[in-house]
Amino acid sequence: IDTAIDAADRQTLEMLDTDHDKRIRAPEILAAIEWLKPRLASFDSLIGAKDELPLSAFNTATEEGKAAHACAKQILKDLGKPDTQTITLTDLADTNKILAGTPFNGDGVIPPESATDKDVAQTLQDIMACCGSVKDCGGKDGISKEKADAFFAAVDARLAWRKLAKDDVVLLPLGKDTATAAAALTVVSTKSDDYFTRCGLAAYDGRSAQPLSRSDADYAALAPKALTDSTPALADFPLAKIDAAAVLPLSQGLNPFWSAAMADACAKFFAPMGIKATLSREEWQKLKDKFAPYQAWAAAEAGKEIASLGDARLEKITADGHAKKIAALIEKDLSVATEHAKFTEVEQIIRYSANLLTLLENTVNMGRLYD
């Protein structure tokens with residue numbers, strides 16, 4: 001192709017190069033001629049042609065020619081030149097600019113301004129915020145079918161997930177306060193398990209109680225330091241003194257590092273569940289078992305990427321049928337792609353008419369070379 005640029009413009013050559021190997025071969029030129037035959041009334045229009053074509057040059061006796069002729073007339077009409085009898089490449093360039101600037105341009109990407117319904121436009125913004133956006137052929141940010149499908153699938157999944165816990169006393173043992181209680185529980189859960197396991201070892205063998213509570217050397221290592229409740233070294237010490245009785249005090253006698261977290265757990269979790277001053281191993285296991293269904297449900301959270309929109313917004317999007325409305329907008333946009341294909345065909349006819357003979361003269365009989 002690069003060696004033939006002088007003989008024809010690059011776009012014409014790229015149209016001819018149907019296998020995209022950067023070479024124009026005889027079968028491709030012959031195929032272009034066969035393609036032109038039903039679309040042009042006569043090949044006489046190739047002689048002395050320019051980047052324009054009279055409407056009379058189209059072959060209106062064939063389906064292909066008739067469709068191209070109608071498209072060319074429609075282009076001129078859209079450009080405000082219904083009486084013009086010649087179509088140019090400039091006309092086509094102007095038409096493409098017009099299409100690129102319209103809400104529906106055949107690329108399948110819908111910017112928010114495509115929607116006349118303000119709430120649907122907001123949902124398009126929501127999709128872009130949660131699932132990302134893509135550029136349309138006019139450079140505007142919008143959403144594709146893939147983005148819309150992913151968003152509405154997430155909406156359905158999240159609402160179904162939320163519905164599982166609605167008014168379910170098993171999943172929500174503390175009702176609307178269950179999530180807050182579960183969060184407080186999570187902070188102290190591992191440390192509480194550690195405490196009761198150590199107490200179990202002490203009950204198994206009393207000799208283990210002292211070393212499991214930490215050695216004199218461990219405490220001696222802390223002695224020279226300026227200690228606070230947040231000193232990191234304290235975090236690994238047991239939650240409370242290890243005792244074979246395995247009764248955890250919830251306020252007095254706690255590791256200072258964990259006292260604030262335990263106070264929060266007492267206020268949000270233990271007290272609402274009826275546990276006041278101390279906690280036995282059996283009580284601890286029952287509490288964990290009671291919250292296990294909620295924790296399993298929370299771990300299976302669906303639609304995290306759209307959680308920020310809130311349930312009320314998601315329910316309204318669903319109730320108002322935004323999935324169907326946006327699908328219709330995408331379908332409407334894609335339908336314009338057919339028009340784009342027609343414009344491309346008219347452009348191809350004009351470019352072949354303007355450049356094919358020149359190309360042949362300089363690759364078959366080498367007219368320019370011999371001149």
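Contact annotation: the side chain of E283 never approaches that of K286 to less than 4.5 Å [non-hydrogen atoms, C-beta and beyond]. The shortest distance between side-chain heavy atoms of I326 and F151 does not fall below 4.5 Å. For the pair T186 and F291, the minimum side-chain heavy-atom distance is 4.5 Å or more. Contact of the Y195 side chain with the L279 side chain is not registered, since no non-hydrogen atoms from C-beta on lie closer than 4.5 Å. A 4.5 Å side-chain heavy-atom check between V109 and K147 finds every atom pair outside the cut-off. Considering only heavy atoms from C-beta on, E315 comes within 4.5 Å of L159 through its side chain. Two residues are said to be in side-chain contact when any heavy atoms from C-beta on lie closer than 4.5 Å; L239 and D194 fail this criterion. Looking at heavy atoms from C-beta onward, E361 lies in side-chain contact with L357 at the 4.5 angstrom threshold.
No continuous path of ILVMFWY side-chain contacts below 4.5 Å connects V170 to F269, so the two sit in separate hydrophobic clusters. In the hydrophobic clustering of ILVMFWY residues, with side-chain heavy atoms under 4.5 Å counting as a link, L30 and I24 come out apart. Hydrophobic clustering (ILVMFWY, side-chain heavy atoms < 4.5 Å, transitive): I47 and F43 are in one cluster. When the side chains of ILVMFWY residues are joined at heavy-atom separations under 4.5 Å, either directly or via intervening members, L185 and L254 end up in a single hydrophobic cluster. Residues W284 and Y294 do not share a hydrophobic cluster, clusters being chains of Ile/Leu/Val/Met/Phe/Trp/Tyr side chains in contact below 4.5 Å.
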Apply side chain to side chain contact (heavy atoms under 4.5 Å, CB included) to the pair L359 and L16, showing each step before the final yes or no. CA-CA 11 Å; L359 178 64; L16 286 166; 3.4 Å; yes
Salt bridge (charged side-chain N to carboxylate O under 4.0 Å, His left out), that's the test. Do D21 and R23 meet it? Break it down for me. CA-CA 5 Å; D21 67 349; R23 289 173 173 80; 5.3 Å; no
Using the side chain to side chain contact (heavy atoms under 4.5 Å, CB included) rule, take E52 and L89 through it: C-alpha gap first, then chi angles, then the decisive distance, then the call. CA-CA 6 Å; E52 60 184 35; L89 290 178; over 6 Å; no
Checking D264 against V187 for the side chain to side chain contact (heavy atoms under 4.5 Å, CB included) test, could you report, in this order, the C-alpha distance in whole Å, the side-chain angles of both residues, the deciding distance, and whether it holds? CA-CA 9 Å; D264 187 58; V187 175; 6.0 Å; no
Take Q348 and R39 through the side chain to side chain contact (heavy atoms under 4.5 Å, CB included) test and state the conclusion after the steps. CA-CA 11 Å; Q348 193 168 349; R39 291 168 173 83; over 6 Å; no
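A donor-acceptor pair under 3.5 Å is formed between the side chain of S213 and the backbone N or O of A209. A donor-acceptor contact shorter than 3.5 Å links the side chain of T62 to the backbone of P38. A donor-acceptor contact shorter than 3.5 Å links the side chain of E28 to the backbone of R25. Under a 3.5 Å cut-off, the side chain of D333 and the backbone N or O of D107 do form a donor-acceptor pair. Using a distance-only test at 3.5 Å, with no hydrogens or angles considered, a donor-acceptor pair links the side chain of Q85 to the main chain of D83.
Geometrically, R281 does not engage F196 in a cation-pi contact defined by less than 6.0 Å to the ring centre and at most 45° from the axis.
The aromatic rings of H69 and F58 sit perpendicular, their planes meeting at an angle over 60°, well past the 30° parallel limit.
In the model, T12 has a side-chain atom that pairs as donor or acceptor with a side-chain atom of D9 under 3.5 Å. Residues T88 and D91 have side chains that bring a donor and an acceptor to within less than 3.5 angstrom of each other. A donor-acceptor pair shorter than 3.5 Å can be found between the side chains of T123 and H322. A donor and an acceptor atom, one from each side chain of N355 and T358, are nowhere located under 3.5 Å apart.
Contact record, D17 with K22: OD2-N, 2.9 Å, taken as the closest heavy-atom pair. Shortest non-hydrogen contact noted between P249 and G253 is CG-O, 4.2 Å. Closest approach of A121 and A115 over heavy atoms only: N-CB, 3.9 Å. Of all heavy-atom pairs between K225 and A233, the closest is NZ-CB, 4.4 Å. G108 and I330 make their closest contact through O-CG2, 4.1 Å (heavy atoms, listed as atom of the first residue, atom of the second, distance). The shortest non-hydrogen separation linking R214 to P238 is CG-CD, 3.9 Å.
To the nearest 0.5 Å, atoms CG (D229) and CG (N255) are separated by 9.0 Å. The distance from the CG atom of D243 to the CG atom of L248 is 11.0 Å, given to the nearest 0.5 Å. Taken to the nearest 0.5 Å, the CD atom of Q11 stands 7.0 Å off from the CD atom of E14. The CG atom of L174 sits 10.0 Å away from the NZ atom of K176 when rounded to the nearest 0.5 Å. A distance of 5.5 Å separates OG of S45 from CG of L53, quoted to the nearest 0.5 Å. Note: K290 NZ to T178 OG1 = 10.0 Å, rounded to the nearest 0.5 Å.
The local environment of NZ in K77 is sparse, with at most 12 non-hydrogen atoms from other residues, nucleotides or ligands closer than 6.0 Å. Within 6.0 Å of atom NZ in K241, 12 or fewer heavy atoms from other residues, nucleotides or ligands are found, so the atom counts as exposed in its surroundings. Within 6.0 Å of the CG atom in D289, the count of heavy atoms belonging to other residues, nucleotides or ligands exceeds 12. Within a 6.0 Å radius of CD in E331, no more than 12 heavy atoms belonging to other residues, nucleotides or ligands are found. More than 12 heavy atoms of other residues, nucleotides or ligands sit less than 6.0 Å from atom NZ of K325. For K288, the NZ atom sits in a packed shell: over 12 heavy atoms of surrounding residues, nucleotides or ligands are nearer than 6.0 Å.
Under the ring-ring contact (aromatic ring centres under 6.0 Å, His included) criterion, F257 pairs with no residue at all, not counting sequence neighbours.
Annotation: Y352 is in aromatic contact with W35 [ring centroid separation under 6.0 Å].
A salt bridge does not link D136 to K140: none of the charged side-chain nitrogens sits closer than 4.0 Å to a carboxylate oxygen. Salt-bridge formation is detected for the pair K37/E34: a Lys NZ or Arg NE/NH1/NH2 atom is positioned less than 4.0 Å from an Asp or Glu carboxylate oxygen. Electrostatic pairing of D119 and R313 counts as a salt bridge here, judged by a charged N lying under 4.0 Å from a carboxylate O.
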